[in-house]
Engineer: 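Got a structure for you, questions after.
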Amino acid sequence: MNDTNGNNAEIENVEAVAVALAEWWHASARDLPWRFGRATPWGVLVSEVMSQQTQMSRVVPYWNDWMERWPDAAALAGAAKSDVITAWGRLGYPRRALRLQECARVVASDYGNELPQTYDELLALPGIGDYTASAVMSFAFGERIAVVDTNIRRVLSRVFLGVESLGGAASPAERALAKQVLPQDSVSKCRRFDRSSVVWNQSVMELGAIVCTAKSPLCEACPVSSRCVFLRDGRPGLGERRTRPRQRFQGTDRQVRGLVLNALRNLPEGEIAVDRKSLERLWDDHIQLDRCIASLDEDGLIEILPHADVRLPV
DNA sequence: CTCCAGTTTT
DNA sequence: AAAACGGGAG
């Protein structure tokens with residue numbers, strides 16, 4: 001019973017779309033260093049965590065340096081937290097860096113330094129949610145599993161339903177659609193990055209990232225434009241804002257937290273702490289500053305020293 | 001000002 | 001279900 005979405009009659013283009021997308025993928029996919037079987041499963045996981053809310057183009061140099069320095073989970077597990085936070089640099093959401101190291105510690109100690117190969121075990125790892133667990137199952141292990149992220153939601157909704165996907169969490173209907181159109185894998189294709197479900201997930205996501213973008217999709221350059229319900233219907237609601245207003249950044253705690261962390265990352269060689277005086281120069285509102293220092297401490301991103309100086313954790 | 005290969009906490 | 005969490009690019 002697949003009644004979660006009432007659109008089964010609508011979905012009949014899938015084979016043709018899959019063929020066109022696969023061709024486009026092989027001709028136009030970005031040559032990211034963790035693609036095409038060049039990275040270990042752990043390397044794929046690292047790339048996915050770094051890409052949570054951060055554009056791929058910004059991730060590439062960080063990933064290269066990171067994997068050279070900490071090639072596997074055990075290496076990262078043994079690193080100093082301060083080094084992990086510093087290496088994370090300006091990727092944003094630095095708690096991801098800490099969770100990635102926690103993840104590495106679990107993989108190293110509970111799984112013998114080899115990434116577990118089931119969705120449920122991956123999902124249980126720190127910092128790994130539904131998207132990343134699915135992505136690793138598909139991209140690293142070649143398993144047939146529906147991957148649902150913001151790009152895939154947008155592309156599938158446009159191509160097959162002709163409407164913009166709504167903001168917020170993925171709906172049951174969107175998940176059902178993703179499962180419904182996921183290609184079967186033929187038995188003969190054994191190389192994991194050649195499996196049709198894997199190419200499907202990667203190419204749909206890639207299309208959403210570089211062609212079928214949120215605000216101004218490049219329909220002229222789209223390999224499935226002739227089969228896209230959204231384009232056929234005149235792209236109804238394109239550019240219409242469906243997400244709730246995002247929190248502004250200027251003046252928020254996130255900005256202040258970023259300033260404190262940035263000061264700690266950029267300390268001269270040999271210095272490990274920022275003193276209270278310097279902290280107070282970073283932000284005029286000392287109430288907010290103290291709130292942010294406290295929250296950074298709670299997150300394990302800094303340690304508070306005597307005299308209210310701060311440092312990165314060991 | 002919006003958007004971005006999301007996850008966790010409330 | 002909503003808020004918190006960075007920072008850069010278009």
Side-chain angles (χ1 to χ4, degrees), chain A residues 29-30 32 34-35 39 44-63 85 88-100 102-103 122-140 145-156 164-172 178 198 200-218 238-265 291-292 294-296 298-301:
Chain A
R30 290 171 294 181
L32 303 171
W34 50 83
R35 282 182 172 172
V44 172
L45 181 145
V46 172
S47 78
E48 293 301 339
V49 172
M50 287 182 169
S51 303
Q52 294 165 358
Q53 300 287 284
T54 301
Q55 287 85 343
M56 288 290 186
S57 53
R58 289 176 52 208
V59 166
V60 171
Y62 285 94
W63 186 88
I85 295 166
W88 195 259
R90 304 184 72 80
L91 280 174
Y93 295 127
R95 293 189 300 187
R96 287 184 294 166
L98 257 30
R99 294 201 188 105
L100 182 56
E102 292 165 24
C103 175
L122 290 168
L123 188 64
L125 294 170
I128 308 301
D130 168 71
Y131 163 72
T132 307
S134 306
V136 170
M137 287 303 292
S138 180
F139 306 153
I145 185 171
V147 176
V148 178
D149 80 315
T150 184
N151 283 319
I152 290 187
R153 288 167 63 192
R154 182 175 58 252
V155 171
L156 297 184
E164 293 284 35
S165 78
L166 278 51
S171 68
V198 179
W200 172 263
N201 285 329
Q202 301 223 85
S203 58
V204 173
M205 215 177 310
E206 184 84 342
L207 191 76
I210 67 185
V211 174
C212 194
T213 56
K215 240 179 91 177
S216 34
L218 307 167
L238 173 64
E240 184 178 300
R241 215 185 63 182
R242 306 236 171 182
T243 55
R244 65 181 163 74
R246 295 275 172 173
Q247 180 191 27
R248 298 280 69 77
F249 178 63
Q250 285 295 323
T252 62
D253 285 6
R254 286 191 298 166
Q255 180 183 17
V256 180
R257 286 165 55 104
L259 288 171
V260 172
L261 233 36
N262 194 46
L264 284 163
R265 271 194 232 101
R291 181 171 71 239
C292 291
S295 76
L296 286 168
E298 286 172 28
D299 288 344
L301 285 163

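A, B, ... follow the sequence lines: proteins, then strands. Residue 1 opens every chain.
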Engineer: Are A:Thr252 and C:dG6 close enough that a side-chain N or O sits under 4.0 Å from OP1 or OP2?
Structural biologist: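 So the side-chain polar atoms of A:Thr252 never come under 4.0 Å of the phosphate oxygens OP1 or OP2 of C:dG6.
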Engineer: Can a side chain N or O of A:Arg257 be found less than 4.0 Å away from OP1 or OP2 on C:dG6?
Structural biologist: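 For A:Arg257, the contact criterion (side-chain N or O under 4.0 Å from OP1 or OP2 of C:dG6) is met.
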Engineer: Under 4.0 Å, counting only non-hydrogen atoms across every strand here, what does A:Arg35 touch: a base, just sugar-phosphate, or nothing?
Structural biologist: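 Here A:Arg35 touches the bases of the nucleic acid.
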Engineer: Can you tell me which nucleotide in B:dT7, C:dG8, C:dG6 comes closest to the side chain of A:Pro94?
Structural biologist: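 Minimum distance to the A:Pro94 side chain belongs to C:dG6.
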Engineer: If the cut-off is 4.0 Å, is A:Gln52 near the phosphate of B:dG6, judged by side-chain N/O to OP1 or OP2?
Structural biologist: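 For B:dG6, neither OP1 nor OP2 has a side-chain N or O of A:Gln52 closer than 4.0 Å.
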Engineer: What is the separation between atom CD on A:Gln53 and atom P on C:dA9, rounded to the nearest whole Å?
Structural biologist: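 The distance from CD of A:Gln53 to P of C:dA9 comes to 16 Å, rounded to the nearest Å.
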Engineer: Pick base, sugar-phosphate or nothing for A:Arg154, based on heavy-atom distances below 4.0 Å to the nucleic acid.
Structural biologist: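 The answer is sugar-phosphate, as A:Arg154 gets under 4.0 Å only of primed atoms, P, OP1 or OP2.
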Engineer: Can you measure A:Trp63 atom CH2 to B:dA5 atom C1' for me and round it to whole angstrom units?
Structural biologist: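 Spelled out: CH2 on A:Trp63 to C1' on B:dA5 is 15 Å.
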Engineer: To the nearest angstrom, how far is A:Leu91 atom CG from C:dG8 atom P?
Structural biologist: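 Nearest whole value for this atom pair: 10 Å.
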Engineer: Taking the side chain of A:Thr132 as heavy atoms from C-beta outward, which of C:dG6, B:dT7, B:dA5 is closest to it?
Structural biologist: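 Out of C:dG6, B:dT7, B:dA5, the nucleotide with an atom closest to A:Thr132's side chain is B:dT7.
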Engineer: Rounded to whole angstrom, note down the P distance from B:dT7 over to C:dG8.
Structural biologist: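 One P to the other, the span is 22 Å.
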Engineer: Specify the separation, in whole Å, of atom CD of A:Gln250 and atom P of B:dC1.
Structural biologist: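 To the nearest whole Å, that distance equals 11 Å.
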Engineer: Scan A:Ser47 against the nucleic acid and name what it touches under 4.0 Å (heavy atoms): base, sugar-phosphate only, or nothing.
Structural biologist: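 No contact.
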Engineer: Please check: side-chain N/O of A:Ser51 versus main-chain N/O of A:Ser47, any donor-acceptor pairing under 3.5 Å?
Structural biologist: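 Looks like yes, one N/O pair under 3.5 Å.
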Engineer: CG of A:Leu98 versus C1' of C:dA4: gap in Å, rounded?
Structural biologist: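 Checked: the CG to C1' distance equals 16 Å.
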Engineer: Can you check the A:Glu102 CD to B:dT7 C1' distance for me, whole Å?
Structural biologist: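 Answer to the nearest Å: 12 Å.
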Engineer: When the distance from CZ of A:Arg96 to P of B:dG6 is rounded to whole Å, what number comes out?
Structural biologist: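 It is 10 Å, rounded to the nearest whole Å.
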Engineer: Could I get a table of every N or O pair under 3.5 Å where one atom is in the protein and the other is in nucleotides 8-10 of chain B?
Structural biologist:
| residue | atom | partner | partner atom | Å |
| --- | --- | --- | --- | --- |
| B:dT8 | OP1 | A:Gly127 | N | 2.7 |

Engineer: Show me the pairs that pass salt bridge (charged side-chain N to carboxylate O under 4.0 Å, His left out) and involve residues 125-135 of chain A, at least two apart or across chains.
Structural biologist: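 Pairs touching residues 125-135 of chain A that pass the test: A:Asp130-A:Arg175.
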Engineer: Under the rule for salt bridge (Lys or Arg N to Asp or Glu O under 4.0 Å), what residues qualify as partners of A:Arg95, not counting sequence neighbours?
Structural biologist: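 Listed in chain order: A:Asp299.
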Engineer: What's the verdict on side-chain hydrogen bond (donor to acceptor under 3.5 Å, both in side chains) for A:Glu48 and A:Tyr131, showing C-alpha distance, side-chain angles and the deciding distance?
Structural biologist: CA-CA 9 Å; A:Glu48 293 301 339; A:Tyr131 163 72; 2.6 Å; yes
Engineer: Give me the distance, rounded to whole Å, that separates B:dA5 from C:dC5 when you measure between the P atoms they each carry.
Structural biologist: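 Their P atoms lie roughly 23 Å apart.
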Engineer: Suppose the criterion is salt bridge (charged side-chain N to carboxylate O under 4.0 Å, His left out): which pairs have a residue in residues 202-213 of chain A, not counting sequence neighbours?
Structural biologist: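 Pairs touching residues 202-213 of chain A that pass the test: A:Arg30-A:Glu206, A:Arg35-A:Glu206.
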Engineer: Kindly write out the residues that satisfy ring pair (Phe, Tyr, Trp, His ring centres under 6.0 Å) with A:Trp34, not counting sequence neighbours, or none if the list is empty.
Structural biologist: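 If we apply the ring pair (Phe, Tyr, Trp, His ring centres under 6.0 Å) test to A:Trp34, skipping adjacent residues, the hits are A:Trp63.
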Engineer: Counting any heavy atom closer than 4.0 Å, what does A:Ala214 reach on the DNA or RNA strands: base, sugar-phosphate only, or nothing?
Structural biologist: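 Sugar-phosphate contact only.
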Engineer: Taking side-chain contact (heavy atoms from CB on, under 4.5 Å) as the definition, give me every residue that meets it alongside A:Ala214, ordered by chain and number, with sequence neighbours left out.
Structural biologist: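 For A:Ala214 the side-chain contact (heavy atoms from CB on, under 4.5 Å) partners, ignoring immediate neighbours, are A:Arg154.
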Engineer: Over how many whole Å does the gap from A:Ile210 atom CD1 to B:dA5 atom C1' extend?
Structural biologist: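 Interatomic distance, CD1 of A:Ile210 to C1' of B:dA5: 13 Å.
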Engineer: Indicate, with a heavy-atom threshold strictly under 4.0 Å, whether A:Ser57 touches base, sugar-phosphate, or nothing.
Structural biologist: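 Answer is nothing: A:Ser57 stays at 4.0 Å or more from every strand.
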Engineer: Heavy atoms only, 4.0 Å cut-off, all strands: where does A:Asp130 land among base, sugar-phosphate and nothing?
Structural biologist: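 Answer is sugar-phosphate: A:Asp130 comes under 4.0 Å of backbone atoms only.
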Engineer: How is A:Arg58 classified with respect to the nucleic acid when contacts are heavy atoms under 4.0 Å: base, sugar-phosphate, or nothing?
Structural biologist: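 Counting heavy atoms under 4.0 Å across all strands, the contact made by A:Arg58 includes a base.
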Engineer: Is it true that a side-chain atom of A:Arg254 and a backbone atom of A:Phe249 form a donor plus acceptor pair closer than 3.5 Å?
Structural biologist: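 Such a contact is absent between A:Arg254 side chain and A:Phe249 backbone.
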Engineer: Among C:dC5, B:dA5, C:dG7, find the nucleotide with the atom closest to the side chain of A:Phe249.
Structural biologist: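 Closest nucleotide among those given: C:dG7.
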